[in-house]
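In what follows, a single structure is set out as structure tokens and then discussed.
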Amino acid sequence: VRGLPLDLTTFINAYRGPLIGLIVSWGAPWADATEIAQDSFSEAWLNRDACLGDWHDLDFLGRWLRGVALNQYRNWFRSRQRRNARIVTLSPSILEQTAVAAELESPERLEALQRGIERLSAVQREVVLMHYLEETSVQEVATLLSVSVKTVEARLFQARRNLRRILGEGFPAV
Amino acid sequence: MPAKMVSEEDIRSALRSKRVNPQNFEAQVRARIALAHNQRAVDPWTGVSPILRAAAAFLPLSVLGCQETPSVARLAPVSIGAKLLGYLAFPAISVFLLLGATLLSIVKILTLRLQNDATPQDQIVQYQAICCWWSDQKWSACGVFVASIALAMFGASWLLFLFYILSFGILIAVITSLARLGIGNRVVVGLSCLQGLMFLGQTAAFPSIGDHDIHFLDQSLVPALFFGGALAIAPLLLLSYQFRAVPNGQASRPVFQRRSGAVVMGVIFTLALASLMAWMLHPSLWPATPSQIKQHVESFDHAPFGSSTWRQWEIPASWAVQSGLEPDFSKPRRLLAEEISGGQDRFILSSAARIGLLSVDQIDQLREYGTMRHALVEELPHSKPDVLTSVGQLDWVIRAAVLRDDLSDHERDIIEQRLHATLKSLAGQEYVTLDDLLRATQLLNVIKRPVVPDLYRATIHGLLREFHSTAGGGFELAGGFRTYRNSPASMPGAPDATSDAVELMAVYGIPDGLDLNWVRSFLRPSRYADRKWIAAVTLDRLNQLPNVTHPTWLEYLYYERTLLAAAILVGLCLFATFSSPIPNIPNNIAVASRELQ
């Protein structure tokens, strides 16, 4: 799709998975991350004329999207803080965990793997969530993070090795 | 041994449950976009920041081409902080935007009427909107204009420009944001900036600007910078005027129209502004170089104001001699010969003798030499040596006597005692001048009885501090040394007295507590010919003083903050103009040009 006139569907399909993964890696729960990602896509698309560059370039629009998403995430974070200050109730993360536990019913091995991903360093967790959530290419991940493809590949490699170390010898490896 | 890793398939499986439905996700995004479109159709200010709304409340939005009523902006519920920021944009709106918009509307109306086009309703509406704005805000806007002129006149120009930078920064943010909403164009913004820069350039061109502060550069650079900014914008506007959208079936497309009237006006404006800038930049671009100083010294063949002209010539001439430039004094010698055959003014003879123009064979022609020399070395019956009442008038007599080797050791002793007595008495005299102190000090050297600086250091330093003036005005800069002791404190310094002070500092050292940056500021390049050469050579002498400290880069930046602020303001104007969309042209000039070709 690179080099062709860009439409909204192509734009969303290219960055949906990595953007949700990126927002989760910043600290938003999965459900909120999806909402933030939807807001970011609509905001970026509506204001694409305002960005100083060629918005038909998928890479350029990806970097623009990341900036928009960061602003959206900050707004969400601030409003969550205000909400938390006013309402004394279960924190969103607990609600999230409860909801996830109820809906997932995952095998024990996959749950251990999910916990292992949580224990990765921030940069490694970031690329794992962005790349493996929807099997997005390394190129899109690199574009969103404004780093090289080689850097993303190196981080993925280290993340998989660290995951093996975290999960222990009993966990199947390749 | 290969590293053991978790398989990619396992990781994907672990995250599979978190995936979203692509169709649902896209539908949600499209729903959000549709909702935003609907909201913007009803209210164009949806999503606009509160600061922008507050600032826009001051703007006559029809000037920028907005067809919507600005009431939504006025009624916007904004915080006090946002309102304050909006108020801060008011001066820039008054000075930059409205001046340009008014002129633009009038020009457009006149142009359309001359072309016998349909009634220019849009332009009239714009013009009426501006008039309405002026009517609403006239007192505030007048206050801004008066405050701008007053601040520049009273020397607070850096504060003025700093304020405008802040104000204009907000205005640019407003205009840029409005441009994203499709309101505003390059012609309006560019012409507004052009008018604003011209106004500030004229404000900054007051002769008194910067006279009261320390500056190392000629402050004519500030208005020149503003006019330079205007000059940079002018061709761009001229180019924009070449393009005009005309109806072409359903859509309008840009066409290239040559408007000879606009081109001629633009060329005249550019030439006039360039000439003005060249005049303003003259002192900075063509400073007094050693070769020019030598040329100036050698060309001295006319003294319209007698001894005063000789004195002004003497200072650069002595510097040229001391610097080893070996100037050709044939013309000054002819002038001296005319003086000797005529009036034989004592001050002129002294100036000539100090430079070394007076020759031994000319001394016999000096009518007063014999009697004045006798009076100089005459021993009086009382024990205390007499002070010399006017060292400046006797200077040539002592130098001539030394030149002719006409003084015995005993006579030299008498003159030495009288010079020391003069130096001691001068400190307490009401009408003492730095010139008298310098001549007495120099004459001790001439008779080979050099002064011991420690003897008079404290006295001279006290006098230098007393004569130093940080007052400016009357076309004279602050930071020089006054000619007379009893001058009022508001009296600025004089170039020749400052030259004397620097030469005294070369002998007695730099007084404690005297900020040499003031003196440097007084001696900065100037376009006034009578002080240009004196200032240049005195500044060089000052910078050559032993143990002198030179200004640091930080000091340069601090003292040239006005210029820095003006440069930032001009940069902001250029940015605002170049980043604004081109009017009635879909893409840009380059694209349009290609289409037309």
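All figures in this text were calculated on a predicted structure; none of them were measured in a lab. So you know, we letter chains A, B, ... as the sequences are listed, proteins then strands, and number each from 1.
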Residue, of B/S13, B/P22, B/A31, that accumulates the most heavy atom pairs under 4.5 Å with chain A: B/P22

Nearest heavy-atom neighbours spanning A/Y132 and B/R19: O-NH2, 3.7 Å

Point-to-point distance, once rounded to the nearest 0.5 Å, from CZ of B/F25 to CG of A/N13: 10.0 Å

Option from B/E26, B/R30, B/Q28 for which side chain to side chain contact (heavy atoms under 4.5 Å, CB included) with A/I12 holds: B/E26

Side chain to side chain donor-acceptor pair (under 3.5 Å) between B/R32 and A/S40, intermediate numbers included: CA-CA 10 Å; B/R32 281 167 163 79; A/S40 303; over 6 Å; no

Residue pair A/Q114 / B/A14: nearest heavy atoms and the distance that separates them: NE2-O, 2.7 Å

4.5 Å side-chain heavy-atom contact, B/N24 and A/Q38: no

Any side-chain donor near an acceptor of the partner, A/R164 and B/S7, under 3.5 Å: no

Part of A/A159 lying under 4.5 Å from any heavy atom of chain B: neither

B/M5 side chain near A/L163 side chain, heavy-atom distance below 4.5 Å: no

Non-hydrogen side-chain atoms of A/E134 and B/V20 separated by less than 4.5 Å: yes

Spacing of B/L15 atom CG and A/I20 atom CD1 [to the nearest 0.5 Å]: 12.0 Å

Region of A/V24 in contact with chain B, defined by heavy-atom distances below 4.5 Å: neither

Closest-packed option against chain B by number of heavy-atom pairs under 4.5 Å, given A/L133, A/I117, A/N162: A/L133

Heavy atoms of other groups near B/R16 CZ, more than 12 under 6.0 Å: yes

Gap separating the OG1 atom of A/T34 from the CG atom of B/N21, nearest 0.5 angstrom: 11.5 Å

Interatomic spacing from OG1 in A/T9 to CD in B/Q23 - rounded to 0.5 Å: 10.0 Å

